[in-house]
Trainee: 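So that we are looking at the same thing, I have put the structure below in structure tokens.
Just so you know, ligand 1 is whichever comes first in the structure, and atom 1 is the first atom listed for that ligand.
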Amino acid sequence: MHIPFDNSYAKLPPQMFTAQLPTPVKAPQMIAANADLAALLGIDPADLDTPEAAQVFAGNHIPDGATPLAQVYAGHQFGNWNPQLGDGRAVMLGEVVSTDGIRRDIQLKGSGPTPYSRGGDGRAWLGPVMREYLVSEAMHAMGVPTTRALAAVTTGEPVLREEVLPGAVIARVAQSHIRVGTFQFFASRGDLAALQALTDHVIARHYPAADGPAALLDQVIARYAALIAKWMGLGFIHGVMNTDNVSVAGETIDYGPCAFMDGFHPDSVFSAIDQLGRYAYSNQPGIGGWNMAQFATALIPLMPDRDAAIKDFTAAVHGMQEQYEAEWLKVFAAKLGIADPTQDDRALVADLLDLMAKDGADFTNTFANLGHADARDQFLNRADFDAWEERWSKRKSGDAAAIMAQANPRIVPRNHRVEEVITAGRNGDYGPFHALLAAVTTPFAPLTDKTAAFARAPTKDEQVTRTFCGT
Ligand code: AMP
Ligand code: MG
């Protein structure tokens, strides 16, 4: 398999990573590969069908030009400072400049221990690998900046969690895996040389128009505000918005106990480890601001005038709220088929969300069916919904249906479906996984006999209300 590597992170100061080979596994078997993404990366999709592919994506065979390494970082986990994190179960093979001109990392996750494993086994089990594959590709198909899934393999080795589970590796692709926590690591150690080199690298790679840390901060805030607004518009809950899981390239990264809501409630939390609801649906924008405050803090040491920088960066971080609200209005106005939103439309959106929350209306299906009887069926209080619909019908644009068709997915990877395909996968049947993957990667297409079941909300018995990191 030829991968046209062009590695730049490996040339940065040595304290920023550790050269680290993946640990080979017993019997790798390919369960999924992404031909479109391979082509984007300059990999011949035909190479994905060779026996070598499983060896490469399991980490058994290192392709020419790779410089495998584990990146170091730190981070705030649930608000608590952790000075030492890093790729504990992942290695980056290297980077390619894709056919669209964008540089991207290829990383293996679940590839064995590294110096940053902190006692962990460095492995992943099949469940989280399948979940990340499905959710990241669904997010991409819905137009959300995200890491992507290039391949998934089973390792033929058991992984010990609370039970014995099948091991797996996911090959994922990102514009980079550099995190807010990467900046925090060097800032907290006073390693200004590395902090400067990292900043220069990120600006050159992701924000070439930025002329220094202040502009970098502004642009990361803008991307992150837009990203969180997109999550909100899909009823998506990331679940672990720790600063080590915040990509400075503005992509959704590190899918763990994430979930798409079925019935809407703004306080929804799925992650079993988020007992205080820090990362609940409606807290995501505020936590986003908190995370940007940590990023700003990490950039301060690079600024010649510390006091002035604190003042400017504080203002930049506070400005995120307004940017987020503008992005939120754009996202939700499109969901209502409003082409030219004004401040007055905020109430129209908020009032619908209130009605949805009161009745636990299905998030995806309410929006997907607005304007049809099926939406009304989501509500117990139909009179209030009818009144809202009348306000809406006066406000929506002439081409509302076309706008809404591109803004309201019919199919998202619902929890109960994800769990179902993981269970089948554990039994060696990947058919359900591929059927769900096909459905969630064509989220705006009209439903067919094959996909209609994936649009259906779970019954009470089918509902999955808890998700796990699975690490
Ligand atoms: P996460 O919350 O999944 O982003 O992971 C937080 C940290 O724990 C990261 O530094 C991971 O590399 C590390 N980690 C998670 N699971 C494992 C594992 N099974 N073995 C080693 N390190 C792990
Ligand atoms: Mg992480």
Side-chain angles (χ1 to χ4, degrees), residues 16-18 20-23 25 58-59 68-92 105 107-133 135-136 146-147 149 155 157-186 188 237-249 251-259 269-275 278-279 287 291 294-295 467-471:
M16 294 172 61
F17 58 89
T18 303
Q20 175 68 55
L21 289 171
T23 307
V25 300
L69 59 86
Q71 294 180 334
V72 70
Y73 47 85
H76 282 92
Q77 299 179 302
F78 290 90
N80 302 308
W81 173 240
N82 190 330
Q84 172 70 66
L85 291 162
D87 294 332
R89 53 169 162 168
V91 294
M92 202 228 309
D105 288 357
Q107 192 202 60
L108 303 182
K109 184 171 169 186
S111 56
T114 78
Y116 315 121
S117 295
R118 301 176 298 145
D121 61 2
R123 293 298 184 188
W125 82 270
L126 182 62
V129 166
M130 291 174 88
R131 176 181 281 273
E132 175 159 348
Y133 201 114
V135 178
S136 66
T146 176
T147 61
T155 60
E157 292 180 1
V159 171
L160 198 62
R161 295 293 180 259
E162 263 120 64
E163 50 189 319
V164 180
L165 295 161
V169 177
I170 183 167
R172 71 175 178 184
V173 170
Q175 293 204 12
S176 80
H177 287 83
I178 300 167
R179 303 138 194 277
V180 166
T182 319
F183 284 79
Q184 289 181 289
F185 181 84
F186 299 108
S188 69
I237 302 163
H238 181 282
V240 207
M241 292 173 71
N242 294 337
T243 58
D244 54 300
N245 293 337
V246 179
S247 154
V248 294
E251 292 181 323
T252 314
I253 191 172
D254 281 7
Y255 292 92
C258 58
V269 180
F270 286 84
S271 170
I273 57 169
D274 190 3
Q275 278 151 6
R278 177 180 171 89
Y279 300 135
I287 287 291
N291 287 340
Q294 307 315 313
F295 185 44
T467 51
F468 300 87
C469 289
T471 56

Trainee: Which one holds for Arg161 and ligand 1: side chain close, backbone close, both close, or neither close, with close meaning a heavy atom under 4.0 Å?
Mentor: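 Side chain only; the backbone of Arg161 stays clear of ligand 1.
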Trainee: Considering only heavy atoms of Gly122, which atoms of ligand 1 have at least one such atom less than 4.0 Å away?
Mentor: 18 (C), 19 (N), 20 (N), 21 (C)
Trainee: Looking at non-hydrogen atoms alone, which of Arg179, Arg118, Gln84, Arg89 comes nearest to atom 5 (O) of ligand 1?
Mentor: Arg89
Trainee: Polar contacts were defined as any N/O atom of the residue lying under 3.5 Å from an N/O atom of the ligand; does this apply to Gly88 and ligand 1?
Mentor: yes
Trainee: Going by the atom numbers of ligand 1, which of them fall below 4.0 Å from some non-hydrogen atom of Asp254?
Mentor: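 Answer for ligand 1: 4 (O).
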Trainee: Might you work through the side chain to side chain donor-acceptor pair (under 3.5 Å) test for Tyr255 and Thr147, ending with a clear yes or no?
Mentor: CA-CA 9 Å; Tyr255 292 92; Thr147 61; 5.0 Å; no
Trainee: Do Asp87 side-chain atoms and Val91 backbone N/O form a donor-acceptor pair below 3.5 Å?
Mentor: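 Such a contact is absent between Asp87 side chain and Val91 backbone.
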Trainee: Decide whether an N or O pair under 3.5 Å exists between Asn242 and ligand 1.
Mentor: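 No.
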Trainee: Compare every heavy atom of Val135 with every heavy atom of Cys258, then report the nearest pair and how far apart it is.
Mentor: SG-CG1, 4.1 Å
Trainee: Within less than 2.8 Å, report the number of protein N/O/S atoms around the Mg ion (ligand 2).
Mentor: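 Atoms of protein N, O or S type lying less than 2.8 Å from the Mg ion (ligand 2) total 2.
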Trainee: Quick check for you: to the nearest 0.5 Å, what is the distance between Arg123 atom CZ and Arg89 atom CZ?
Mentor: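 Reported to 0.5 Å precision, the distance equals 12.0 Å.
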Trainee: Taking only heavy atoms of Gly86, which atoms of ligand 1 are found under 4.0 Å from at least one of them?
Mentor: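 What qualifies from ligand 1 is 9 (C), 10 (O), 11 (C), 12 (O).
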Trainee: Looking only at N/O atoms, are Tyr116 and ligand 1 under 3.5 Å apart anywhere?
Mentor: no
Trainee: State whether the side chain of Thr467 and the backbone N or O of Pro257 hold a donor-acceptor pair below 3.5 Å, judged by distance alone.
Mentor: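 Confirmed, Thr467 side chain pairs with Pro257 backbone.
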Trainee: Can you list the ligand 1 atoms lying under 4.0 Å from a non-hydrogen atom of Gly120?
Mentor: 20 (N), 21 (C)
Trainee: Give a yes or no on whether the backbone of Gly181 and the side-chain of His76 come within a donor-acceptor separation of less than 3.5 Å.
Mentor: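 Absent.
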Trainee: Name the one of Thr243, Asp244, Asn291, Asp254 that satisfies side-chain hydrogen bond (donor to acceptor under 3.5 Å, both in side chains) with Arg179?
Mentor: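 Exactly one option meets the side-chain hydrogen bond (donor to acceptor under 3.5 Å, both in side chains) with Arg179, and it is Asp254.
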Trainee: State the atoms of ligand 1, each with its element, that fall below the 4.0 Å cut-off from a heavy-atom position in Asn245.
Mentor: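 Here the atoms of ligand 1 in question are 2 (O), 4 (O).
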Trainee: Could you tell me whether Arg123 and ligand 1 have an N or O pair separated by under 3.5 Å?
Mentor: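 Arg123 vs ligand 1: N/O contact under 3.5 Å present.
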Trainee: Hey, could you give me the CG/CG distance between Leu69 and Asp105, rounded to the nearest 0.5 Å?
Mentor: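 Answer rounded to 0.5 Å: 8.5 Å.
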Trainee: Report yes or no: does Thr18 contribute a side-chain atom to a donor-acceptor pair with the main-chain N or O of Gln20 at less than 3.5 Å?
Mentor: no
Trainee: Can you name the nearest heavy-atom pair linking Tyr279 to Asn242, along with the distance?
Mentor: OH-OD1, 2.6 Å
Trainee: Take the angle between the ring planes of Phe183 and Phe295 and call it parallel below 30°, perpendicular above 60°, tilted in between.
Mentor: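 Aromatic pair Phe183/Phe295 classed perpendicular.
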